[in-house]
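Reviewing the structure listed below.
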Amino acid sequence: MRTGAPEVPATGVWAEVVGQPDAVGTLHAAADAARRQVRGEQVPPGAMTHAWLFTGPPGSGRSIAARAFAAALECEDHATPGCGKCTACRTVLHGTHADVKLVVPEGLSISVAEMRALVQAAARRPSTGQWRVVLIEDSDRLTEGAANALLKAVEEPPPRTVFLLCAPSDHPEDVSVTIRSRCRVLQLRTPLPGAIAEVLRERDDIEPQLAEWAAEVCGGHIGRARRLATDELARERRESVLRIPLGLQRFADVFTAASGLVKLAETEAVTANEDRNESEREELKTAMGAGGTGKGTASATRGANAALKELEKRQKSRATRSQRDALDLALVDLAGFYRDVLVTRTGSQAVLNHPDFARASAKAAAEWTSESTLRRLEAVLECRTALSQNVKPLIAVEAMLATLFTG
């Protein structure tokens, strides 16, 4: 999407926004307008607005772009917004700025109670910065009640408050029409492999060949590319998923593969949250006076136990979400494999999603018809839909794999 905004050098906070020159130009111009607006200068109508909706495919960097914009709004550098070096920029990017509230859903949804508390806090004036910024990642997880609570704040925003929402698209299924209509939509695109590889090489010091491979197979997902380049277990998990299509030789393999795939997602969720869960438990125990002696310790212990139960409930919800996300990522890989089979069958010169599995997709293309390949692809997409509707993962995956076996 061409915005007409001038291209901004990829420095400061903007260096984290990979492969999005048009979006960066728009955000930089808006941050500059916001700065002049605070100083009392006249700015063109629409140059800066109080509500933004960042959309784009998974891995395009929606939340990263939103954080960079929030940092630019709070930046203390008088020359250009978003220096990346001042205290404001650093604290925003690390999630510790007093005037920037980051909402990262840990469960499957954002509740109305959580949103009401957030809206109430957003009504206050900034305490240390120029703006009070509310950044909601995965705003498509808002419940209907939470969306209504947010709508009231977006309709009548405080003068120095900015709402930044992130969602896969501006479709009504992701963000309600009423909220979308009050936001300025910024559409991000899938970063090109070359841009991703460059970031991996220069910023993460990844060996060039490995960086190029990760950039090619990540599906434009920057975070996934980094994990594949730095985590051998992540590479092994991907390979085990992509071996499934040709590994279904008997119907009994359906159940073996289903349990293995679900177990894989569970393991990834545990690995992703294990250290954080333990750290949260220890911090809570310390805060509640664990190990104390003397008068009043019995009451404190009861309070600590109740708080621990509430923490465990939140951690369980977070684990469920992490498992669903890991399983969905595996399904995206499977869908990419069947897409590669169709590309091969048609003789198209389109780039493969999994070039390192080209031999496997060519073998499948020689054995399957286009119709049966499409049925398999549809089964993967239907499984993703079922999981989004809270169908039990094992049941949804078994139903999908049965179709993958029969074609």
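Model, not experiment: these values are computed from the prediction.
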Salt-bridge contact R62-D174 (side-chain N to carboxylate O under 4.0 Å): no

Exercise: do S372 and R376 side chains pair donor with acceptor under 3.5 Å: yes

Side-chain H-bond candidate by donor/acceptor type, R184 with T49, under 3.5 Å: no

Pairs where [range] contributes a residue and the test ring-ring contact (aromatic ring centres under 6.0 Å, His included) is met, not counting sequence neighbours:
range	value
residues 336-392	Y338-W368
residues 116-152	none
residues 381-407	F251-F405
residues 186-222	none

Separation of L27 CG from D22 CG (nearest 0.5 Å): 11.0 Å

Residues which pass salt bridge (Lys or Arg N to Asp or Glu O under 4.0 Å) with R67, listed by chain and number, not counting sequence neighbours: E137

Non-neighbouring partners of R39 that pass salt bridge (Lys or Arg N to Asp or Glu O under 4.0 Å), sequence neighbours left out: E41

For V103, the option from I110, L135, L142 that meets side chain to side chain contact (heavy atoms under 4.5 Å, CB included): I110

Whether F69 and F54 hold their rings parallel, tilted or perpendicular, with breakpoints at 30° and 60°: tilted

Side-chain heavy atoms of Q20 within contact of S60, under 4.5 Å: yes

